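Worksheet: the structure to be examined is printed underneath.
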Amino acid sequence: MKSTRKGLRAGELQKDTYGRLTCGECGDSLKKRNDPDEVFSVRICPECGTEWKELR
């Protein structure tokens, strides 16, 4: 699982006009899964299921 920063640099993720992260492959806005025991949250594409981690 890559980080969101690496995904942005590689072109796998994009930001829309409002600064939200979108999947580069599907074009959908990413959902967030937040586990209180972890240091990072997981960003998930609802269409293709690809996951990226994002430090809080």
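The model shown is predicted, which means the values in this text are computed figures rather than measured ones.
Looking at heavy atoms from C-beta onward, Lys15 lies in side-chain contact with Leu8 at the 4.5 angstrom threshold.
Clustering of Ile, Leu, Val, Met, Phe, Trp and Tyr side chains at separations under 4.5 Å places Val39 together with Met1, Phe40, Val42, Ile44, Leu55.
With sequence neighbours excluded, the residues forming a side chain to side chain contact (heavy atoms under 4.5 Å, CB included) with Thr4 are Leu13, Leu21, Arg43, Trp52, Glu54, listed by chain and number. In terms of the salt bridge (Lys or Arg N to Asp or Glu O under 4.0 Å) criterion, residue partners of Asp16 (sequence neighbours excluded) are, by chain and number, Arg20. Judged as a side chain to side chain donor-acceptor pair (under 3.5 Å), and not counting sequence neighbours, Lys6 has no contacts.
With rounding to the nearest 0.5 angstrom, the OG atom of Ser41 is 11.0 Å from the NZ atom of Lys53.
Screening residues 24-34 for side chain to side chain donor-acceptor pair (under 3.5 Å), with sequence neighbours left out, gives Asn34-Arg56.
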